[in-house]
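What follows is a short report on a single structure.
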Amino acid sequence: MEGPVIRRLIREASEALEAAGLKDPKVTLTKSVKFGLLTSTSSFEEARRTGVDPMERARSVLGQLRLPEGSLLEKVEAAPPGYINFHPSWGELARAVVSEVLAAPDAYFRVEDGPREVVVEHTSVNPNKALHIGHARNVCIGDTIARVMRKAGARVLVINYVDDSGVQMAELLLGFRLLGYPLEPREGMRFDEYCGDVVYVEVNRRAEADPEVERQRREIARRIEQRGTEEFEQARRVALMVLRDQLKTTSRLGATYDLLVRESDVVVTGLWAEAFRRMKEAGLVRFVEEGPKKGCWVVDLSGHPVLSKEGDEVLVKSDGATTYVARDIAFAMWKMGASETRLLFRRIELDGQTVTMSDVEGEDLGPFRSDLVVTVVDSRQRRPQEVVRYALERMGVKGRYVHYSYEPVALSRRSAELLGVKAEGEVVHMSGRRGLYFKAEEVLDKLKEVAARETRARRPDWSEEKVREVAEALAVGAFRYGMLRIESDRQIVFDLEESLRLEGDTGPYLQYSVVRARKILQKAREAGIGQIAPDRSPPAELSEHELQLVRELAVTPLVMEEVVRTLYIRSLVTHARNLAMRFNEFYERCPVIGSGEWEGFRLSLVGAYDRIESRLLELLGIPVLDEI
RNA sequence: GGGCCCGUGGCCUAGCCUGGAUAAGGCGGCGGCCUCCUAAGCCGCAGAUCCCCGGUUCAAAUCCGGGCGGGCCCGCCA
């Protein structure tokens with residue numbers, strides 16, 4: 001098996017250039033089909049070294065250039081001011097691409113030299129509230145990375161880290177134990193929303209006004225960390241109840257987890273003790289004898305190029321308690337498969353679905369190793385995440401640990417004011433305390449409403465059930481695309497009205513293009529026009545739109561390769577969008593059914609598009625539909 | 001004070017890693033296209049000092065340096 005045709009052509013072009021005397025030639029895709037498929041700018045570099053005119057150099061290379069017998073690259077030309085452009089026989093390329101896609105579409109997504117064992121941690125929302133749109137960004141990114149890695153051929157373990165022992169749990173318990181909130185939400189309210197919207201907000205309000213409430217909160221926080229106390233048990237129970245609802249949301253978004261790890265288990269299993277011991281052996285930690293951090297164990301950051309300018313990071317507080325970073329180092333070591341300590345797991349039922357959750361009385365799932373660990377956490381945790389990475393490096397842990405950082409989701413002024421908050425600037429940060437946030441569920445519901453209204457208007461004959469099913473898929477598609485289309489390094493300024501659009505550069509645009517393709521295929525089947533055949537050559541020269549579509553399909557393996565290498569999901573989104581655009585253009589101008597001698601080829605091309613775009617949508621977690 | 005991220009038509013974004021041929025898409029505006037595979041679509045028009053200055057280069061939105069503007073981080077919180 002030679003692999004996708006695009007790789008073969010790049011190799012042929014660069015070998016031919018080399019044989020023609022260009023040293024270490026660079027071959028890239030052209031930016032427009034009118035320059036052919038592939039291009040090289042290496043004659044520019046050579047021209048500089050030798051002082052000749054690049055165009056002249058390109059011509060002289062051309063004189064020496066021989067392409068292999070039967071190559072799909074049929075024409076090479078020099079273009080001013082010195083490019084060497086490779087033009088394929090588009091018809092033959094189309095036949096090759098369509099036939100290999102129809103024969104084995106998944107091969108376009110396999111990446112041979114990528115990581116084989118991958119751990120992805122994402123979501124990891126404190127179990128005291130419902131997911132808001134900021135958390136949802138994390139879920140969409142993490143889930144997509146996991147899907148991509150799996151599709152590329154890696155074994156992937158997806159983990160959701162559940163912090164059930166921090167102060168945020170103490171605040172909740174305080175509400176239940178002392179302020180008398182019942183452990184049941186009001187009728188018709190979800191438990192996670194009840195905790196986040198009602199109990200948490202109220203406890204904070206009371207604690208700010210009354211120092212006694214604040215004192216009790218601290219007392220509960222202390223007891224919550226001691227296994228065996230009533231508070232410990234209750235915190236775990238409440239966390240589980242909230243988690244159950246959070247998982248409804250993540251599941252609605254299409255995300256799944258292989259393992260749920262409770263922070264309370266990371267400490268008791270001795271994972272922390274092992275990490276602490278190994279850090280001591282590596283000379284990475286020291287005990288502070290004096291100064292403001294007297295009595296603490298800290299990570300010695302003096303050897304770190306940047307962090308050394310700031311203070312050392314506290315791992316063990318003077319009262320003996322570990323910090324979040326400490327536990328995270330221990331957990332990261334485990335995720336890398338580098339710890340001797342094993343976490344134990346047990347399968348439990350949570351609201352109908354079976355999940356695998358850490359449990360000190362569970363079973364050992366056996367050792368594992370990972371050559372890549374991706375932790376999806378927002379950019380505000382860059383510093384602690386760098387401390388984690390540095391600690392692993394200094395402990396001699398092998399493998400790549402990546403903090404996949406993304407900027408948080410903020411609100412537009414308009415949307416903040418919708419929540420009753422007077423905004424100073426154009427961008428307002430969400431705040432759980434102030435009730436200033438949009439929950440993922442409410443945005444999805446609104447999106448679904450809009451989609452249902454549209455669908456009803458377009459398909460008056462559909463049943464309400466069908467309408468709602470399609471509306472849900474469109475809502476999820478629009479939501480996930482909205483979260484993924486913005487580069488991770490860029491803050492998302494969420495605007496409700498803007499996010500409820502279903503036209504233009506949105507998820508439904510992609511979904512619709514697949515629906516169109518599938519409708520053609522279905523009609524063809526019904527009309528008995530015949531099967532899409534893998535080996536159809538176009539009867540004459542391809543139109544511009546067919547050729548663009550072929551090119552975009554062909555490039556898919558290169559995009560996958562890039563995404564796996566850089567973890568830069570944005571390229572996948574752009575590719576899925578460009579491909580859909582090419583298809584829509586093709587659709588508008590090239591009739592398929594009833595196109596006579598073109599019918600067979602075009603039908604196959606549509607089939608190939610359906611195979612590839614459906615898989616791209618799947619990777620992005622955007623539901624694929626047969627009709628909308 | 002130290003560090004990180006962002007700055008692209010009126011608005012929202014892609015392109016930057018890996019420099020290359022007219023800077024791409026959407027929203028909004030104006031004008032077109034449904035006796036033909038679903039118009040959640042397509043086509044056309046108007047609209048850009050790619051934040052500024054300097055450097056490297058045959059070539060800079062892209063790389064380097066310095067500014068300016070916006071955001072974030074530097075806690076015995078998580």
Side-chain angles (χ1 to χ4, degrees), chain A residues 26 28 30-32 34-35 39 41 44-45 47-48 53-54 79-83 85 126 163 165-168 221 263 288 292-298 306-307 309-311 313-321 323-325 327-328 378-384 386 405 407-408 410 425-427 429 451 454-455 458-459 474 478 485-493 495 498 501-509 511-513 515-524 527 562 565-566 568 570-571 573-574 577-578 581 584-585 587-595 602-603 606 627-628:
Chain A
K26 203 178 62 179
T28 55
T30 56
K31 59 182 295 190
S32 159
K34 72 164 177 266
F35 302 127
T39 188
T41 54
F44 292 109
E45 286 161 41
R48 177 185 37 190
D53 174 56
Y83 298 95
N85 293 336
N126 287 337
D163 184 357
S165 60
V167 283
Q168 75 284 350
E263 194 183 62
V288 181
K293 289 175 182 169
K294 183 174 182 219
C296 297
W297 284 91
V298 297
V306 175
L307 265 30
K309 290 173 188 158
E310 299 170 2
E313 189 78 13
V314 175
L315 290 179
V316 182
K317 302 186 240 177
S318 54
D319 67 1
T323 61
Y324 156 81
V325 175
R327 296 190 290 269
D328 221 32
D378 82 53
S379 67
R380 288 174 296 204
Q381 296 206 39
R382 273 203 149 106
R383 185 194 139 90
E386 175 55 19
S405 165
E407 293 290 316
E426 283 306 314
V427 176
H429 282 94
E454 286 296 311
T455 307
R458 287 158 213 254
R459 307 276 170 256
L474 289 170
R485 68 181 274 267
I486 313 269
E487 183 198 349
S488 308
D489 274 339
R490 223 177 167 119
Q491 170 179 266
I492 292 181
V493 180
D495 184 80
E498 178 75 13
R501 275 192 313 108
L502 300 173
E503 292 170 9
D505 189 13
T506 66
Y509 179 90
Q511 292 171 303
Y512 182 53
S513 77
V515 166
R516 284 176 138 187
R518 293 195 167 181
K519 217 60 187 192
I520 292 175
L521 298 173
Q522 188 200 329
K523 277 253 160 75
E562 183 198 342
R565 182 172 53 84
T566 61
Y568 193 57
R570 198 31 253 206
S571 326
V573 179
T574 302
R577 150 102 188 147
N578 287 340
M581 237 162 71
N584 273 335
E585 288 161 9
Y587 180 95
E588 296 281 347
R589 292 188 196 75
C590 304
V592 177
I593 291 167
S595 60
R602 286 186 179 161
L603 209 50
V606 172
E627 49 182 358
I628 65 176

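Order of the sequence lines fixes the chain letters, A, B, ..., with proteins taken first and strands second; residue numbering starts at 1 for each chain.
B:rC58 takes the anti form, because its glycosidic angle lies more than 90° either side of 0.
Both thresholds, 5.5 Å between centres and 30° between ring planes, are not jointly met by A:Tyr587 relative to the base of B:rG41, so the two rings are not stacked. Here A:Tyr512 does not count as stacked on B:rG41, because the ring centres are not under 5.5 angstrom apart with planes under 30°.
Between the NZ atom of A:Lys26 and the C1' atom of B:rA21 there is a distance of 14 Å, given to the nearest Å. A:Arg589 has its CZ atom 15 Å from the P atom of B:rG41, to the nearest Å. Between A:Ile486 atom CD1 and B:rU13 atom C1' there is a gap of 6 Å when expressed in whole angstrom units.
With respect to A:Arg380 and A:Asp378, a salt bridge is recorded, a charged nitrogen being found less than 4.0 Å from a carboxylate O.
Between A:Arg602 atom CZ and A:Ile520 atom CD1 the span is 10.5 Å, to the nearest 0.5 Å.
The side chain of A:Thr323 lies closest to B:rA78, out of B:rG7, B:rA21, B:rA78. Checking B:rG26, B:rC42, B:rA21 against every side-chain atom of A:Asp505, the shortest atom distance belongs to B:rG26. Among B:rA78, B:rC76, B:rC5, the nucleotide with an atom closest to any side-chain atom of A:Gln168 is B:rA78. Closest to the A:Glu263 side chain, of the nucleotides B:rA21, B:rC73, B:rA78, is B:rA78. The side chain of A:Pro384 sits closest to B:rA78 out of B:rC17, B:rG20, B:rA78. Comparing B:rC77, B:rC72, B:rC42 by their nearest atom to the side chain of A:Lys317 picks out B:rC77. Residue A:Arg501 has its side chain nearest to B:rC27 when only B:rC72, B:rC43, B:rC27 are considered. Distance from the side chain of A:Lys309 is smallest for B:rG3 among the nucleotides B:rC72, B:rG3, B:rA78. Minimum atom distance to the side chain of A:Glu310 is reached by B:rC74, of the listed B:rC77, B:rA14, B:rC74. Of all nucleotides listed (B:rA14, B:rC74, B:rG71), B:rG71 comes nearest to the side chain of A:Gln491.
Distances shorter than 4.0 Å separate none of the side-chain N or O atoms of A:Tyr83 from OP1 or OP2 on B:rA59. Phosphate contact (OP1/OP2 of B:rC74, side-chain N/O of A:Arg380, threshold under 4.0 Å): absent.
No donor-acceptor pair closer than 3.5 Å links the side chain of A:Glu498 to the backbone N or O of A:Val493. Using modelled atom types, no side-chain atom of A:Arg518 and backbone atom of A:Glu627 make a donor-acceptor pair closer than 3.5 Å.
Along RNA chain B, the nucleotide nearest to A:Ala79 and the one nearest to A:Cys590 differ in position, and the one closer to the 5' end is contacted by A:Ala79. Along RNA chain B, the nucleotide closest to A:Asp489 and the one closest to A:Pro508 are compared, and the more 5′ of them pairs with A:Asp489.
Between the C1' atoms of B:rA46 and B:rC27, the separation comes to 15 Å (whole Å). Across B:rC64 and B:rG70, the matching C1' atoms stand 23 Å from one another, rounded to whole Å. Nucleotides B:rG3 and B:rA61, compared at atom C1', are 26 Å apart to the nearest Å. B:rC17 and B:rC68 are spaced 25 Å apart, taking the C1' atom of each and rounding to whole Å. B:rG15 and B:rG7 have their C1' atoms separated by 15 Å, with the value rounded to a whole Å. Straight-line distance between the C1' atoms of B:rU13 and B:rC33: roughly 27 Å, to the nearest whole Å. B:rG29 and B:rC12 are spaced 16 Å apart, taking the C1' atom of each and rounding to whole Å. Annotation: B:rG66 and B:rG28 have their C1' atoms spaced 38 Å apart (nearest Å).
Between the side chains of A:Asn584 and A:Tyr509, at least one donor N or O lies within less than 3.5 Å of an accepting N or O.
When heavy atoms are screened at a 4.0 angstrom cut-off, A:Val316 is found touching no nucleic acid atom at all. Within the 4.0 angstrom heavy-atom criterion, no nucleotide atom of any strand lies near A:Leu307.
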